[in-house]
Amino acid sequence: MTTPQILYRDEPAVTDTAIPLAEFTAGTNSAAVRIEPGEDARTLLPQLDQLRLVEVNFPSFGDGRGFSSAQILREAGYRGELRAVGDVLVDQFVFLRRCGFDSFAPNRPLNADDVKAAEGFFPEFYQKASDGVAAIWTKRHQVAS
């Protein structure tokens with residue numbers, strides 16, 4: 001089990017041990033799963049109601065495949081805890097949040113002041129995302145998002 005350093009949920013962090021995706025899809029009653037880079041998050045879609053925690057591993061800060069996994073899960077309606085684990089950097093923090101991550105367990109602790117600064121660094125965004133924040137172009141052109 002990875003313990004999150006940062007949690008953006010009203011509920012306490014899920015403490016179940018996340019099992020590998022292959023083990024989960026082979027048939028289990030586990031409520032926590034871990035996705036590695038290259039694994040297809042869409043595999044989880046039929047069992048989303050069973051899951052309380054999905055950990056997405058970032059073995060390297062340069063490997064952005066976990067962003068897509070988060071976006072896929074949130075767009076499919078997953079409402080459980082979505083935890084970014086591994087080489088998570090404060091520079092990526094706002095983008096991880098926009099994709100739907102609400103829990104963070106980085107390899108190295110993040111500085112709380114840096115996290116706060118990152119949270120408000122971009123007041124507006126051009127892209128739509130899972131966070132429900134309207135893109136700046138929709139505001140400019142009065143388009144429903």
Side-chain angles (χ1 to χ4, degrees), residues 1-139 145:
M1 182 196 74
T2 57
T3 304
Q5 176 192 354
I6 301 166
L7 184 68
Y8 289 93
R9 295 182 63 76
D10 293 333
E11 304 89 21
V14 175
T15 58
D16 301 11
T17 300
I19 64 172
L21 180 62
E23 187 178 329
F24 182 82
T25 57
T28 179
N29 63 354
S30 179
V33 66
R34 183 179 178 111
I35 299 176
E36 297 295 335
E39 294 180 330
D40 191 349
R42 292 173 292 194
T43 307
L44 297 173
L45 299 185
Q47 292 95 11
L48 286 184
D49 59 337
Q50 176 182 334
L51 294 169
R52 295 180 53 232
L53 169 66
V54 176
E55 288 185 353
V56 179
N57 187 27
F58 289 86
S60 165
F61 73 89
D63 189 338
R65 292 176 283 183
F67 287 87
S68 297
S69 294
Q71 189 75 21
I72 287 166
L73 293 171
R74 290 299 189 206
E75 285 179 355
Y78 177 64
R79 298 287 173 242
E81 184 176 339
L82 189 54
R83 187 178 297 164
V85 300
D87 197 15
V88 177
L89 303 180
V90 72
D91 304 34
Q92 300 166 319
F93 195 79
V94 69
F95 305 109
L96 290 164
R97 291 273 300 134
R98 295 212 67 223
C99 289
F101 286 100
D102 56 9
S103 175
F104 299 86
N107 289 341
R108 291 173 303 282
L110 300 176
N111 178 290
D113 292 334
D114 292 343
V115 170
K116 280 285 185 210
E119 288 172 346
F121 191 77
F122 296 107
E124 303 289 345
F125 300 97
Y126 284 96
Q127 304 84 5
K128 287 178 61 175
S130 296
D131 61 2
V133 175
I136 190 71
W137 57 268
T138 63
K139 294 176 184 177
S145 55

By side-chain hydrogen bond (donor to acceptor under 3.5 Å, both in side chains), Glu36 pairs with (sequence neighbours left out) Arg34, Asn57
Just jot down the side chain to side chain contact (heavy atoms under 4.5 Å, CB included) partners of Asp87, sequence neighbours excluded, or say none. Phe61, Leu89, Asn107, Arg108
Who passes side-chain hydrogen bond (donor to acceptor under 3.5 Å, both in side chains) against Asp63, sequence neighbours left out? Arg65
For Arg79, the salt bridge (Lys or Arg N to Asp or Glu O under 4.0 Å) test, sequence neighbours excluded, returns none
Mind checking the CZ-CD spacing from Phe101 to Glu81? Nearest 0.5 Å is all I need. 11.5 Å
I need the minimum non-hydrogen distance between Pro109 and Pro106, along with the two atoms involved. CA-CG, 4.4 Å
Sequence neighbours excluded, the answer for ring-ring contact (aromatic ring centres under 6.0 Å, His included) partners of Phe67 is Phe58
Criterion salt bridge (Lys or Arg N to Asp or Glu O under 4.0 Å) against Asp102, the qualifying member of Arg97, Arg83, Arg74: Arg74
Which residues share a side chain to side chain contact (heavy atoms under 4.5 Å, CB included) with Ala41, sequence neighbours left out: Ile35, Ser69, Ile72, Leu73
Please tabulate, one pair per line, all N/O donor-acceptor pairs under 3.5 Å involving side-chain atoms of residues 19-26, not counting sequence neighbours.
from	atom 1	to	atom 2	distance (Å)
Thr25	OG1	Leu21	O	3.1
Thr25	OG1	Ala22	O	3.2

Contact summary for Leu96 and Phe104, nearest pair of heavy atoms: CB-CE2, 3.7 Å
Got a sec, which residues hit salt bridge (Lys or Arg N to Asp or Glu O under 4.0 Å) with Glu39, two or more places apart in sequence or on another chain? none
Val33 side chain reached by Leu51 side chain, heavy atoms, under 4.5 Å: yes
Crowding at CZ, Arg9 (>12 non-hydrogen neighbours, <6.0 Å): yes
